[in-house]
2 protein chains.
Amino acid sequence: MASAQRATGPDKRRMILDAAVVVFAKKGFHACRVSDIADEANVAYGLVYHYFRSKDEVLDTLFLERWNVLLEVITEIDRQQLPARDKLYAIASFIVDSYRHDPDLMKVIIVEVTRAANSFGRTHLTTIREAYALIAGIVEKAQADGSFRCAVTPGFAALAFYGAIEQVLTGWIFDMLPRGEEEFDEAKAFIVETICGGLDADRASARAV
Amino acid sequence: MASAQRATGPDKRRMILDAAVVVFAKKGFHACRVSDIADEANVAYGLVYHYFRSKDEVLDTLFLERWNVLLEVITEIDRQQLPARDKLYAIASFIVDSYRHDPDLMKVIIVEVTRAANSFGRTHLTTIREAYALIAGIVEKAQADGSFRCAVTPGFAALAFYGAIEQVLTGWIFDMLPRGEEEFDEAKAFIVETICGGLDADRASARAV
DNA sequence: CCAGTGGTTGACTGACCAGTCAATCCGGAC
DNA sequence: GTCCGGATTGACTGGTCAGTCAACCACTGG
C-alpha cells in the first residue's frame, strides 16, 4: 500500500541507512548489532550486506553524505560577500539547524566519527580537516582586512570555534543542556558572541602575540 | 632485582592501571583485549580480575583518579585571589600540562570517557558536569564584579571554554596539531586569548543579551 | 616444619555477532 | 508461459573475547 511496503532497490538502501541512524544513535555503533539495523529497517539481515560491504561501510556512508553537505555549505557561505562574523554565524547556524532537523544523525556523526579518535575519526581525518581549513580561511581573510585581530592563528581560531559548536551539540546529546527552538537560536548567537566578542569586559590585556 | 620484578600487592594493581593506559591509548578501549592489558603489565590474565571486577572498572578507575584531581585543582585555583582571566589560564594550563605529562592518559580520558556519549560518558556524566559547574562559577563571579561581560550565560561560557581546550587536545591526539614545549605553552595562551579576548577587532556589535 | 592466607596463574567456557551463502521471490523481456 | 537476473531471505559458521575457576605459589606465624 504505502510505498514503504513495496519499496525496492535504492529505496531499501535508504531505509537501511535511516534505520542505522536510529540504531546507532540509540545504542552506539559498537553496542548495536547488524540485526538491530535490519529489524529497525524491516528488512532481512542479509540485505544489509547486499547494499553495504560491512557494518563499517554503513557508518562511513552516513558520515560522508552529511559531511560533504557541510563542506559545500561552508564553501558557499564563504563565497558570499559578508562580514566574517556573519559567515561564522551562518556556519554555526547551519550546524545547529542540522542538529535541530535530525538530532540522531548529528549525534552519530559527532559521537562515532568526529570524536572517535581510535576508529572512524582516524579514517576520516582528512575529510574532517577540510572543514577546519575552510573556517581557518575565513578567519585569515578577516585578519587580513582588519576586521579580526591577529591575536591567535587562523587555524587555532577555527579549532576553538568548531570546538565550541561541537561542545554545545554534545551538551544536547548528553542531555546536559535544554533543547528547544529558543535554545537552538540562542546557542547560535552565544557561540559567535563568545568566540568573536570574547568574555573580557575591557581588553587592556589583549595584545597580539 | 628491580622492584618491578618483585612487585606485589598494590604495586601490581598500579602496573595493571598503567598498562591499561598504554593499551587503551594505542588500540582504544573496545578494540583491545583484557589479555593485551595483562601482557603489557607482565601479569597473568586472571590477575586483572583479582584487582578489578571487569574491564570497565579499569577504565572507570583511571578516569575517576584523574578527574578528581582536576576537580580539586580547579577548586583550589578558584579559592585564590586572582582575576578570572588568570584563573581560566591556570585551568587551561593544568589541563594542557596534564596532557604534556601523560598524553596517553589524557587521550584515554577524553576519547573513551569525556566524549563517549554512548558508554562511559553517560556513566560519569555527573562527575564531568562538576568541572563545568566550577568553571561556570568562576565566570559568574567575574560577571558580577564587572570583569567579564554578561553577553553570554556562565554555563555557556564554561562550555565554550572547556570545548576549546578539549578540541586542542583532540588536535594533538589526532596528530592534527604539532606537539612540543612551545606549542603547549602557546596553546594555553591562545585558548584564554580566544575565549576572553575574542576575535573581533572592534566590539561595536557586542551587546549584552 | 606445617598450615593458612592472599596473591598469582592461564586454560577453559559460554555468549555473542559479523559476515556468508544457498535458496527463494518477483518483475520484466520475449 | 518461461526464463533470467537482481533483490531478498534468514539459518548457519567461524572466530573472538570477557569473565570464571581450580590449582599453584610464596610468605608468615605458630
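Numbers restart at 1 for each chain; the letters A, B, ... are given by sequence-line order, proteins then strands. Model, not experiment: these values are computed from the prediction.
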Legend entry - Below 4.0 Å: OP1/OP2 of C:dG7 and any side-chain N or O of B:His50: yes

Inset, instruction - Measure from the side chain of B:Tyr51, starting at C-beta and using heavy atoms only, and say which of D:dT9, C:dG7, C:dT20 lies closest. - result: C:dG7

Inset, instruction - Report the distance from atom CZ of A:Phe52 to atom P of C:dA18, rounded to the nearest whole Å. - result: 15 Å

Legend entry - Nucleotide of C:dG10, C:dA18, D:dT8 approaching A:Leu47 most closely (side-chain heavy atoms): D:dT8

Inset, instruction - Report the distance from atom CG of B:Asp39 to atom P of C:dG10, rounded to the nearest whole Å. - result: 10 Å

Inset, instruction - Just compare D:dA11, D:dA18, C:dT9 and give me whichever is closest to any side-chain atom of B:Val43. - result: C:dT9

Inset, instruction - Output, in order, the C-alpha distance, side-chain angles, deciding distance and verdict of side chain to side chain donor-acceptor pair (under 3.5 Å) for B:Glu112 and A:Asn118. - result: CA-CA 9 Å; B:Glu112 307 294 350; A:Asn118 284 313; 3.0 Å; yes

Legend entry - Shortest side-chain distance from A:Lys55, nucleotide among C:dG10, D:dA7, C:dG19: C:dG19

Inset, instruction - Nearest whole angstrom, please: distance from the P of C:dG7 to the CD1 of B:Ile16. - result: 12 Å

Inset, instruction - Grab the CG-P distance between B:Asn42 and C:dT8 for me, whole Å please. - result: 13 Å

Inset, instruction - Please find out if less than 6.0 Å separates the ring center of B:Tyr132 from that of B:Tyr162. - result: yes

Legend entry - Residue closer to the 5' end of DNA chain C, A:Arg53 versus A:Arg33 (nearest nucleotide): A:Arg33

Legend entry - Atom-pair distance (CD1 on A:Ile37; P on C:dG19), nearest Å: 10 Å

Inset, instruction - Report the distance from atom CZ of B:Arg13 to atom P of C:dG6, rounded to the nearest whole Å. - result: 17 Å

Inset, instruction - Anything under 30° is parallel, anything over 60° is perpendicular, the rest tilted; go ahead and classify A:Phe184 against A:Tyr99. - result: perpendicular

Legend entry - Nearest-Å distance for atom pair CG/P, residues A:Asp11 and D:dG6: 19 Å

Legend entry - D:dC21 phosphate, OP1 or OP2, under 4.0 Å from B:Tyr49 side-chain N/O: no

Legend entry - Separation of C:dC16 C1' from A:His30 NE2 (nearest whole Å): 16 Å

Inset, instruction - Please state whether the phosphate of C:dG7, meaning OP1 or OP2, lies under 4.0 angstrom from any side-chain nitrogen or oxygen of B:Lys12. - result: no

Legend entry - Side chains of A:Thr170 and A:Arg115, donor plus acceptor under 3.5 Å: yes

Inset, instruction - Would you please say whether a donor-acceptor pair under 3.5 Å links the side chains of B:Ser147 and B:Arg85? - result: no

